[in-house]
S.K.: 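Sharing a structure here in structure tokens format.
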Amino acid sequence: MKKIYDVVVIGAGPAGLSAAIEAKKSGAGDVLIIERNNEPGGILLQCIHNGFGSVIFKKDLPGPAYAWNFIEQARSLNVEMVFDTMVVDITGGRKIYASNSVEGFIELDAKAIVLAMGCRERTRAQIMAPGDRPAGVFTAGMVQRLVNIEGYMPGKNFVILGSGDIGMIMARRLTLEGAKVIKIIELLPYLTGLRRNYVQCLQDFGIPLELSTTIKRITGKKRVEAVETVGVDETLTPIAGTERVIACDSLILSVGLVPENELSRKAGVVLDPLTLGPVVDETMATNVPGIFAAGNVVTIYDLVDYVSMAGATAGISAAKFAAGAPVSPPAFTLTPGDGVRTVMPQKITGLSGPDASVLVELRASREFAGRVSVNILEDENIVYSHVEKYARPAEMITLKINWNETAKKLSNNKSGLKVNIAKI
Amino acid sequence: MEKKFICIRCPQGCEITTTLDGLGAITDITGNSCKLGIDYVKSELSDPRRTITTTVAVTGGELPLCPVWSEKPIPKDRVMEAAAVIRPITVAAPVDINQVICENILGTGINIISSRAITKGGQ
């Protein structure tokens, strides 16, 4: 390892690999990825199901095969990768402190940094599931790792809480390996994962889904023996008399993901209280000069293809910064308006080249059944509009905006823009 | 007769409504946003298929399992049967990506192939 790098990327998942590849292609000399696992690929390595690559490769690939394309490219471009290494601190001056069992304590300087640490699963503690504390309560990603990488079947009869994609995918996976998935229950009145997973993971295998239902109690001395479920009303309040006891030996939680930003905070990166990730502009720059971020560390995506694309943008921006290109301060802010829960990027420089293409990723705050227009507003004036067949919190909406065109419609010279979703 | 589908060909998951005549032929399709939706409904009606993804045991590898998949979708009603055939398979490391793990699964003409490489190594 060297003492100074042009670009250091934290994390060798899809965002990090893409960032390193594009940084190299954009002329960065020394590019290093620091990864805590013993190999590159990130969470894709345990996502052995297909469904990856429809946007970038126009193919339907399993996670490891999708990752393979990027791992090979990074290797052939001589991106330096160091594994089994934990970054423990990053400063606003772009000093990186890390450690591993071979080199001990490591101190590096980076001309630019890309944060690509991904996200972590919400656990039992974060949803406050009451009851006993037996073995047999797992997060969906943990079960995925045990079954797909380490080769352990952690139970026989499963109940899954949460209708997120990983939960549904694991329901199918466990069934294929001979376990029984009794049912999936979901607190909200709608599916929180993609509908295609409802079809191919639940319907295909006859696994029931119960909406507006949650866990009232977990029982079991050493191992889970049963869970008690309860129906909830529109305000998510449990309805007395709807309790049911389901005998099972395992409970899987698929109750959401949270961007992992401990290091970002230490570096002084400002986080968005809604996405829980860094506030970024369309170049994926954070508020700290020379520190960029991409992927699930910024906002939780549905599709890895868009994670790779954001990583590429961050890598290009980091290479430019490392080469001494001037920094363009953001001229506009984007905030969620009616019908929108999160929006990313939260800032726009509007200066990214002649095509000035800006990718905006947003999530609806509620279900819109019919056609909607997704608008960017300057006061009441619509400066950009895009039609979707529907809008659902479970499905991220991606806008590809030609900012030059949009900027022409800005009249009031306002810097604060809003994004809303309106029924047509 | 009307039949409803949720398309699984891309993450959009279009809700497609199909009208069938007395003989089961399609007379109308609405709700799809592209050609893939029409293909999907046709195949769901005549020959529904799914890609199977699972793992096989590896001996002498850096990892105990190798992920595998059917290079093309196999008949949907034979997925569990295919899983049972694949489950006892063991391969020796090194495994290359796209290596054929099980040729012509269940006589479908479709191979089960690896989706990553596993290098040799002690466990």
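Side chains are part of it too, since the values below use all heavy atoms of this structure and drop only hydrogens, waters and symmetry mates. Below, chains carry the letters A, B, ... as their sequence lines are ordered, and counting in each starts from 1.
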S.K.: Heavy-atom distances under 4.5 Å only: say whether B/S33 touches chain A with side chain, backbone, both or neither.
M.R.: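 Its backbone and side chain both get close to chain A.
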
S.K.: Looking at A/D302 and A/A394, what are the two nearest heavy atoms and their distance?
M.R.: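 Residues A/D302 and A/A394, closest heavy atoms: OD2-O, 3.5 Å.
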
S.K.: Heavy-atom distances under 4.5 Å only: say whether A/V55 touches chain B with side chain, backbone, both or neither.
M.R.: neither

S.K.: Would you say B/R49 has more than 12 foreign heavy atoms packed within less than 6.0 Å of its CZ?
M.R.: yes

S.K.: In terms of ring plane angle, is the pair A/Y66 and A/F52 parallel, tilted or perpendicular, where the classes change at 30° and 60°?
M.R.: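 The rings of A/Y66 and A/F52 sit tilted, inter-plane angle from 30° to 60°.
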
S.K.: Can you name the closest pair of heavy atoms from B/I16 and B/G31 and give their distance?
M.R.: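 Closest approach of B/I16 to B/G31: CG1-C, 4.3 Å.
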
S.K.: Go through the atoms of B/A117 and report whether side chain, backbone, both or neither lie under 4.5 Å from a heavy atom of chain A.
M.R.: both

S.K.: Which region of A/I149, side chain (C-beta onward) or backbone (N, CA, C, O), has a non-hydrogen atom less than 4.5 Å from a non-hydrogen atom of chain B, or is it both or neither?
M.R.: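 Its backbone and side chain both get close to chain B.
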
S.K.: With a 4.5 angstrom heavy-atom cut-off, could you sort out which part of A/E177 is near chain B: side chain, backbone, both or neither?
M.R.: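 For A/E177, backbone and side chain are both near chain B.
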
S.K.: What part of B/C66 is in contact with chain A, defined as an atom under 4.5 angstrom from a non-hydrogen atom: side chain, backbone, both or neither?
M.R.: neither

S.K.: Specify which of A/V147, A/N197, A/N148 makes the most heavy-atom pairs with chain B at under 4.5 Å.
M.R.: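 Most pairs with chain B among the choices: A/N148.
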
S.K.: What part of A/I71 is in contact with chain B, defined as an atom under 4.5 angstrom from a non-hydrogen atom: side chain, backbone, both or neither?
M.R.: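 Nothing of A/I71, per the 4.5 Å heavy-atom cut-off to chain B.
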
S.K.: Tell me whether the guanidinium CZ or amine NZ of B/R50 lies under 6.0 angstrom from the six-membered ring centre of A/F205 and within 45° of its axis.
M.R.: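 No, cation not above the ring by the 6.0 Å, 45° rule.
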
S.K.: Would you mind checking which part of B/I6 comes under 4.5 Å of any heavy atom in chain A, side chain (CB onward), backbone (N, CA, C, O), both or neither?
M.R.: both

S.K.: Is it the side chain or the backbone of A/L176 that comes within 4.5 Å of chain B heavy atoms, both, or neither?
M.R.: both

S.K.: Applying side chain to side chain contact (heavy atoms under 4.5 Å, CB included) to A/E395 and A/E388, what does each step give before you reach the verdict?
M.R.: CA-CA 11 Å; A/E395 294 172 36; A/E388 289 278 336; over 6 Å; no

S.K.: Taking 4.0 angstrom as the limit, do A/D204 and A/R172 come out as a salt bridge?
M.R.: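 Answer for the salt bridge query: no.
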
